[in-house]
Every structure is written in structure tokens, then in C-alpha cells.
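Excluded from the calculations below are hydrogen atoms, water molecules and symmetry mates; all remaining heavy atoms, backbone and side chain alike, are included. Residue indices begin at 1 and follow the sequence shown.
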Amino acid sequence: MDHPRCKFGERVYANTPNATLVIAALRATGLLIDHFSARPGELWCMVGGNDSGLDVLCDLLAGEQQPLDAECLTLPPQLGLLTFKQQQSIFEAELRKDDTDFLNRLDPGTPARAFLRDIEAHREQIALFHLEDLLDRGFRQLSSGQARKLCILQQITLGVDFLVLENPFEGLDQGSCRELDRCLTRLRDRGLGLLVLVNNAVDIPSGSTHLGLLAEGRLRVQGAAATVREEVLAALARQRPLFHVRVDELRQERHRTVPLTGDSLISLHQGFARYGEVEVFSGLELLINRGDHTLITGPNGCGKSTLLQILIGDHPFCYNNDLTVFGRKRGSGESIWELKRQMGIVSADLHRNHRVAGSALAIVLSGLFDTIGLYDAPSAAQQELGKRWLARLGLAAKAVKAFRTLSYGEQRLLLLARALIKMPQLLVLDEPTQGLDESNRLALLDFLAEVATEHLATIVYVSHRQDEYRDFFIQQINFHPQSTDPLP
């Protein structure tokens, strides 16, 4: 097939036969693709690590980056696309429309149904995602997993003929992952073209007709899934992580901070939360002593993140509950900043709220000040510590790069460093491996196991993934939803 050569930096939209996506002789910063095409009725899964170039491909398809040169970059005219960056843009747009201060009550945000077209024609998909009872709820009332499912459905209901999804299974509970997997297969069978980009082998859709492997910015393998699957899986198994932290170094740094004191870190008696008339959870008894590494599990929207927000003081119900943190009863005049100095936090909410300008190094250093963004001048010793953490992440070369320009996985690694840089008493990690490839995810979990063994911190960990349930967890809280209503 002959393709018109692109002008420098130009994307070509052409009515290719059957809405085919075609890439030929493409060169971009961090990515080279000699040839690639995906046709209607095909479900392509492109797999790659955090430094493979997957994020560059996403940016090119979304028009957020232009190729340096290309023989052809031809996109289907009705292209649907959802990336982490696009979901972040939706979240920020909702924040700009927040009228809570004017309404004198919580503004729930844009109703979920407003994101969808022709709801009656898509009842099957809406029911498959268990969102049928949530259509009148506001976007800001949805859990992060429910919001992700809504954004995926939004693209499906637009009537596109080709759909590109970046890591669509991230943040979804196991049931939702199975539902999305079935949905992708049904869309393929109806003649839709699909390109799914994932960082982990376990996220390859079961209905994939074709697989591709991106590594070191090159499309190394591509072909029919049955033919190339073993080659792709073997290459993924050989990946080396960016995350590489030596616990003995942290032990030395930990000794220069305030030592762990006291046994009880968190005590919650008859814990509860609700939004309006909707009860999230009630009667929860929680005691976390030093070394009681705690795993919290449960489906999307059941209250896991709400509980963590209460524990760390980011939810107003922290004052309504019988809650004691680090020996201080909440509401007794304690400073939230005193408490947060002893915490390291990673969550989807924290990630979304990092909308400020700042370099990779500045974001890591901000963990020493418990701020979103860096507003105090760090000392020379603090800057040196921040650079050591960047080296531990394999991101030393990106110290001055803007946080917002980095890939989602790199951003998540930086937020992990932000939480760990002060080696706090309590690590509160809400799905910390989102956006990480398998090698980095396993490296992080192995590191946390060493942290637990060395008694460097107590870990509170939220996860949907069964392969993240480790032996160092002393107790597990398994949440079950009180209702089908969405939760913030």
C-alpha cells in the first residue's frame, strides 16, 4: 500500500480502507517504528516497559507530540482514544467547574450520564461495567476505578470505528477487569479495530488477535498472537527494573530521622463514613501497631480510599470518628502537619493533584516538606539526597525534566520516592504500582518486603491485584460495598 509522505511534524488523517491505522518509517524522540498497521476486527495489544516508548506512541496517536519524520502516520477518521493524560485532563476540568464554595454544599460534579452518548443503545456495556445505578451521580463522587470505567465507556459510546486504550485495566478490581476483557472481545467481534497498550503481561486482553512488543524505543516483535506470544512473554520476563533501592542505605538514612516510638500508630473505633444519605462503611474496628503491615482489599467504590483519606487527615470525617493517630486523638488540637511528617503517602488522588509545575527533582524533594510542589529552598544536603533517590529510580538523567512531561509510570516512581525520601514511620500506599511495568512492580514489592523485615516503616497497602498479596502483611481488611452508590 502506498502512503503519502508526511510533511515534517504532520499527522495524516485519511479515509483508509476500513478505517485502518497505519504507521510507516516513523521517527520520534524516543521511538522508531518501521511499519505497523491495525485493521477493523483486530484486537492488537502492544506491550512494553516503562522506558519502552509506549508513552511516546500514546502521545503521537493523541496528537500531543509530533513525529520528527514519518513516511506515514494515518489514523482512522473516527478514532477513540483514552490515555492517562486525557483522564487527568477530565479530572482537572471537573475541578475548574467545582462550585462547592458557592453552593454551600459539596458540588458532586458533572453527572456521569453527561459523559455518555446514546445511553439506551449502550445499556449492555453500561450494565457490564455496573454503572447503571451511577448515571445520576457526579464525577467527583466516583471512585478512581469507577471514573476510569466511565471514561472508557465514554469512548465506546462515541460511535468510533477504532479505539486506542492505554493501560485500561489499571485501577480496576478483578471483576471489572474481567468485564472489560469481555467487552473488548465483543467490540472486536462487532468489527471495531482496537489497540490496547499495556505494561504488564497479565493485562494482555484474552481476545487479542495480534501482539506487539516495544523495547528501547523500537517495535521489536509483532504478529498474530498465537505466533508471537511466547517470544513477547520471554522478552518481558527479561526486563530489568528502573526501581533499584538498597535497604542498607535507607537504614543509615533512617537513623538520621526521628526514631520509631510507641506501639500504636492508628486506632479507629466504630469507624464510619457516608456521603449524604449514602453509607460507605460503619462499625469498623481498626488497630495498627508498629509492624502491623496491613493489606486493604475490595471492589471499586467500596470505601478503601475513603478510609485512607480519613486516616491521613484528608477527609473531614477524620474529626467525626473516634480516631487516634500516633497517640494523638484527632480533633484534640493536634497539627495535621505534625502527623504528616511521620507519613509517606502515594495514591491516585495525590497523583491527580500534582497539577503544579515542577521538575522531577523538585517533586521528590517536596516529600521532605509534605507539600504538593516545592515552595521552600532545600539545603545542599537535601538536594543531594533527592539526587540519590533519582539515581535509585534510574531517572537521574531526568532531574530537570518537568514532572508533567514524564510518562505516567515515571511520575508514579517519583511519587514513591517522594513518600520514601524521609523514611517515615508509616507508609500509606493506595495502589502504588499503577502505571508500573512488571519488573518495577515486583522490584517495589520486594523492596517493601525488606522494609518490613528491617522494621524501617509500617505499611498500609491498598491493592486489587492478588499477585501483590505478600507474606509480610500481618492483617487484611476486605471491604464489601454497602450499596451500589459511587464513592469519592
Could you walk me through whether L414 and L390 pass side-chain contact (heavy atoms from CB on, under 4.5 Å), step by step?
CA-CA 8 Å; L414 290 171; L390 287 178; 3.4 Å; yes

Does K340 NZ have over 12 foreign heavy atoms under 6.0 Å away?
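Counting neighbours around NZ of K340, more than 12 heavy atoms of other residues, nucleotides or ligands fall under 6.0 Å, so yes.
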
Is D248 atom CG crowded by more than 12 heavy atoms from other residues, nucleotides or ligands, each under 6.0 Å away?
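Correct, the count exceeds 12.
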
Kindly state each residue pair satisfying salt bridge (Lys or Arg N to Asp or Glu O under 4.0 Å) with at least one member in residues 351-369, sequence neighbours excluded.
D349-R352

Worked verdict on K422 versus D370 for side-chain contact (heavy atoms from CB on, under 4.5 Å)
CA-CA 10 Å; K422 60 186 177 182; D370 302 304; 2.3 Å; yes

Would you compute the distance between atom [atom1] of [X] and atom [atom2] of [Y] and round it to the nearest 0.5 angstrom?
{"X": "Q155", "Y": "I152", "atom1": "CD", "atom2": "CD1", "value": "9.5 Å"}
{"X": "S206", "Y": "R178", "atom1": "OG", "atom2": "CZ", "value": "12.0 Å"}
{"X": "I336", "Y": "D314", "atom1": "CD1", "atom2": "CG", "value": "6.5 Å"}
{"X": "T209", "Y": "L43", "atom1": "OG1", "atom2": "CG", "value": "6.0 Å"}

Without swapping roles, check the side chain of [X] against the backbone of [Y] for a donor-acceptor pair under 3.5 Å.
{"X": "N200", "Y": "V202", "answer": "no"}
{"X": "E166", "Y": "F84", "answer": "yes"}
{"X": "T458", "Y": "G291", "answer": "yes"}
{"X": "N50", "Y": "N440", "answer": "no"}
{"X": "R290", "Y": "S264", "answer": "no"}
{"X": "R220", "Y": "A215", "answer": "yes"}
{"X": "S208", "Y": "I204", "answer": "no"}
{"X": "D430", "Y": "S305", "answer": "no"}
{"X": "T453", "Y": "A449", "answer": "yes"}
{"X": "Q86", "Y": "T83", "answer": "yes"}

Hey, is [X] close enough to [Y] for a salt bridge, meaning N to O under 4.0 Å?
{"X": "D55", "Y": "K85", "value": "no"}
{"X": "E170", "Y": "R148", "value": "no"}
{"X": "E249", "Y": "R246", "value": "yes"}

Side chains of [X] and [Y] in contact at under 4.5 Å (non-hydrogen atoms):
{"X": "Q342", "Y": "L426", "answer": "no"}
{"X": "L361", "Y": "K387", "answer": "yes"}
{"X": "Q222", "Y": "L213", "answer": "no"}
{"X": "C177", "Y": "E179", "answer": "no"}
{"X": "L339", "Y": "F326", "answer": "yes"}
{"X": "P168", "Y": "L82", "answer": "no"}
{"X": "L268", "Y": "R330", "answer": "no"}
{"X": "L163", "Y": "L165", "answer": "yes"}

Just checking, any donor-acceptor pair under 3.5 angstrom between side chains of [X] and [Y]?
{"X": "T110", "Y": "K97", "answer": "yes"}
{"X": "R240", "Y": "S439", "answer": "no"}
{"X": "N289", "Y": "D263", "answer": "no"}
{"X": "N300", "Y": "S143", "answer": "no"}
{"X": "T294", "Y": "D292", "answer": "no"}
{"X": "S52", "Y": "E216", "answer": "no"}
{"X": "Q411", "Y": "H351", "answer": "yes"}
{"X": "N167", "Y": "N199", "answer": "yes"}
{"X": "S347", "Y": "E431", "answer": "no"}

Write down the atom of [X], the atom of [Y], and the distance for their closest heavy-atom approach.
{"X": "Q382", "Y": "S379", "result": "OE1-N, 2.9 Å"}
{"X": "L184", "Y": "P205", "result": "CD1-CG, 4.1 Å"}
{"X": "G373", "Y": "S366", "result": "O-CB, 3.5 Å"}
{"X": "L295", "Y": "S463", "result": "CD1-CB, 4.3 Å"}
{"X": "L194", "Y": "L192", "result": "CD1-O, 3.6 Å"}
{"X": "F36", "Y": "L195", "result": "CZ-CD1, 4.2 Å"}

Pairs meeting criterion ring-ring contact (aromatic ring centres under 6.0 Å, His included) with involvement of residues 381-403, two or more places apart
H354-F403

Contact list for residues 197-216, test ring-ring contact (aromatic ring centres under 6.0 Å, His included), sequence neighbours left out:
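Applying ring-ring contact (aromatic ring centres under 6.0 Å, His included) to every pair that reaches into residues 197-216, excluding sequence neighbours, yields W44-H210.
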
Go through V325 and L311 one step at a time and tell me if the side-chain contact (heavy atoms from CB on, under 4.5 Å) criterion holds.
CA-CA 8 Å; V325 180; L311 299 183; 5.8 Å; no

Can V221 and V228 be said to form a side-chain contact (heavy atoms from CB on, under 4.5 Å), step by step?
CA-CA 7 Å; V221 180; V228 303; 3.8 Å; yes

Can you name the residues that form a ring pair (Phe, Tyr, Trp, His ring centres under 6.0 Å) with F473, not counting sequence neighbours?
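Partners of F473 under the ring pair (Phe, Tyr, Trp, His ring centres under 6.0 Å) test: Y461.
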
Quick one: list whatever passes ring pair (Phe, Tyr, Trp, His ring centres under 6.0 Å) with F129, sequence neighbours left out.
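None.
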
Can you name the salt bridge (charged side-chain N to carboxylate O under 4.0 Å, His left out) partners of E454, sequence neighbours left out?
R251

Intermediate values then yes/no, ring-ring contact (aromatic ring centres under 6.0 Å, His included), Y375 and F369:
CA-CA 9 Å; Y375 306 100; F369 304 94; 9.6 Å; no

Determine, stepwise, if the pair E410 / K398 fulfils salt bridge (Lys or Arg N to Asp or Glu O under 4.0 Å).
CA-CA 10 Å; E410 291 170 334; K398 300 187 178 183; 2.5 Å; yes

